[in-house]
There are 2 protein chains.
Amino acid sequence: MHSTADMNNTVGSRPLYKQVYDSLANRISEGDWKPAQSLPSEFALAAELGVSQGTVRKALTELETDKVVERRQGKGTFVSEHTDEDSNFRFFRLTRRDGSRLMPTGKIESIHRRPANRLERTVFGFEESDDVIEICRLRIVDDLPCATENIVIPHRLFPDIEKSTSLTTSLYPLYQREFGIHVVNAEEQLRSEIANKQQAKRLKAPIGTPLLRVDRIAHTIHGQAVERRTSRLDTRNYSYSVMVN
Amino acid sequence: MHSTADMNNTVGSRPLYKQVYDSLANRISEGDWKPAQSLPSEFALAAELGVSQGTVRKALTELETDKVVERRQGKGTFVSEHTDEDSNFRFFRLTRRDGSRLMPTGKIESIHRRPANRLERTVFGFEESDDVIEICRLRIVDDLPCATENIVIPHRLFPDIEKSTSLTTSLYPLYQREFGIHVVNAEEQLRSEIANKQQAKRLKAPIGTPLLRVDRIAHTIHGQAVERRTSRLDTRNYSYSVMVN
DNA sequence: GAGTGGTCTAGACCACGCA
DNA sequence: GCGTGGTCTAGACCACTCT
């Protein structure tokens with residue numbers, strides 16, 4: 001992977017610790033180390049890559065801030081595992097008025113394969129025509145629907161996902177576990193919308209109920225878009241929480 | 001501020017670099033260095049505080065990630081200045097459909113002083129009864145209203161703010177410049193709402209228009225709440241952008 | 001006690017901005 | 001050419017975890 005030939009001083013080369021970052025990020029997304037497994041120690045990686053331990057440390061620290069790994073003093077460095085709970089915490093942001101988190105279940109309404117439309121080809125960077133999977137779900141809390149979700153993913157990255165039995169909870173743990181896709185961030189566009197007849201029926205809410213519409217594009221560590229999702233949230237009893245930094 | 005007496009090895013003491021962080025953060029919020037002014041160099045600070053340059057560096061790096069300072073190679077370390085443009089970029093998140101940023105103007109509808117209600121006393125941590133300033137504004141783009149804002153701030157922290165002449169643009173530059181209040185982050189609760197008669201009139205939109213309601217609490221570096229703001233955004237033509245990490 | 005990550009130090013050299 | 005921050009190294013010691 002890394003040879004001592006491309007050391008520092010090379011004009012225009014990225015800093016060493018970023019090269020280490022890239023190398024480790026690649027090996028993680030290629031499955032060299034699986035979720036929840038530990039990486040070699042800082043010294044072992046340093047020796048293997050021919051750099052100092054401090055340089056490896058800096059790369060690992062950045063991987064930790066990007067939530068790709070978790071470090072535990074005295075134990076080691078572990079590939080972040082997307083559990084149902086923390087994935088829900090990070091990416092499903094509906095909260096009760098008192099700030100407590102919801103833990104919704106899901107109900108699949110439909111799932112089918114179809115050709116990507118133009119927007120999806122752009123988002124996913126398809127060179128030519130290719131298929132996507134579209135999943136329609138309902139998110140449910142206390143037996144009441146709180147959100148509809150339309151999820152679109154490239155078929156090529158998620159073969160046979162329709163046969164999976166765990167499509168009712170957070171999908172990102174499934175993406176990571178079964179398909180080696182690590183979602184690390186997402187950009188969202190929010191707007192306020194009025195429930196039409198179909199949305200109202202799905203959410204068991206009156207037509208005309210104000211809904212919070214969230215258009216999300218989810219990315220891997222490499223910046224690759226791997227999911228396009230439109231959610232419509234019933235915020236009459238819940239709020240969507242955001243921290244601005 | 002920092003004495004060499006409380007060096008490392010003290011049981012339960014915070015790491016040195018965090019003490020340095022606190023010390024520098026305090027001196028900045030006390031106005032020892034003003035916005036856009038430069039701090040002493042890493043070596044100068046290290047000598048002054050009796051720690052190594054690497055320790056100062058680590059503290060400065062964290063202050064930079066928290067957007068309290070900005071570092072420029074070859075020039076120095078500067079106290080972040082909240083300009084109208086970047087404050088707008090960070091805290092006013094309405095964008096056009098193509099992702100481009102709005103640069104709204106503001107119109108003051110009312111401004112008055114009154115006693116804090118119970119919620120405000122809790123948010124601002126008032127021990128006893130105290131006054132707040134409430135500002136009602138309209139944000140305008142291309143001569144069209146796009147948002148209403150109700151802004152509540154503690155009177156004690158912002159004396160005579162009603163006499164300021166720059167209440168029509170981003171307020172955080174004003175807070176920083178005139179009152180030494182550095183807003184560094186905010187938590188927001190979003191929900192979808194229907195425009196009532198009053199909101200509709202202010203926004204020149206039909207009654208029943210879906211609005212994105214944003215309840216924000218803004219904090220300083222010390223975690224102190226210094227502003228409570230409710231905005232209602234007309235998202236028929238614009239979206240509210242969020243990055244999820 | 002052995003092994004891991006966390007803190008702190010000291011020093012070398014590079015890249016950048018400016019006079 | 002000097003002063004700044006940025007990178008990289010080497011080594012010491014601390015705090016935590018497990019056996």
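In what follows, chains are A, B, ... by sequence order, proteins preceding strands, each numbered from 1. Predicted, not measured: the structure shown is a model, and the values here were computed from it.
Comparing Q53(B) and K58(B) against DNA chain C, the residue whose closest nucleotide sits nearer the 5' end is K58(B).
Look at CD on Q73(A): it is 14 Å from C1' on dC18(D), rounded to the nearest Å. If you take CD of Q19(A) and C1' of dC8(D), they are 12 Å apart, rounded to a whole angstrom. We find that CD of E42(A) is positioned 16 Å from P of dC8(D), with the value rounded to whole Å.
In this structure, S29(B) OG and Q224(B) CD are separated by 9.5 Å, a value rounded to the nearest 0.5 Å. Taking CD1 from I161(B) and CD1 from I153(B), the interatomic distance works out to 4.0 Å, rounded to the nearest 0.5 Å.
In this model, no side-chain donor or acceptor of R71(B) finds a partner on the base of dG6(D) within 3.5 Å. R57(B) contributes a side-chain N or O that forms a donor-acceptor pair with the base of dG6(D) under 3.5 Å.
At least one side-chain heavy atom of R216(B) sits less than 4.5 Å from a side-chain heavy atom of E227(B).
Across all strands, F43(A) comes closer than 4.0 Å to no nucleic acid atom at all (heavy-atom distances).
Residue K75(A) places at least one side-chain N or O closer than 4.0 Å to OP1 or OP2 of dC18(D). The side chain of T55(A) contributes no N or O atom lying less than 4.0 Å from OP1 or OP2 of dT7(D).
The shortest non-hydrogen separation linking R93(B) to R101(B) is CA-NH1, 3.7 Å.
Picking from dT9(D), dT9(C), dG6(D) the nucleotide with the shortest atom distance to the side chain of V51(A) gives dT9(D).
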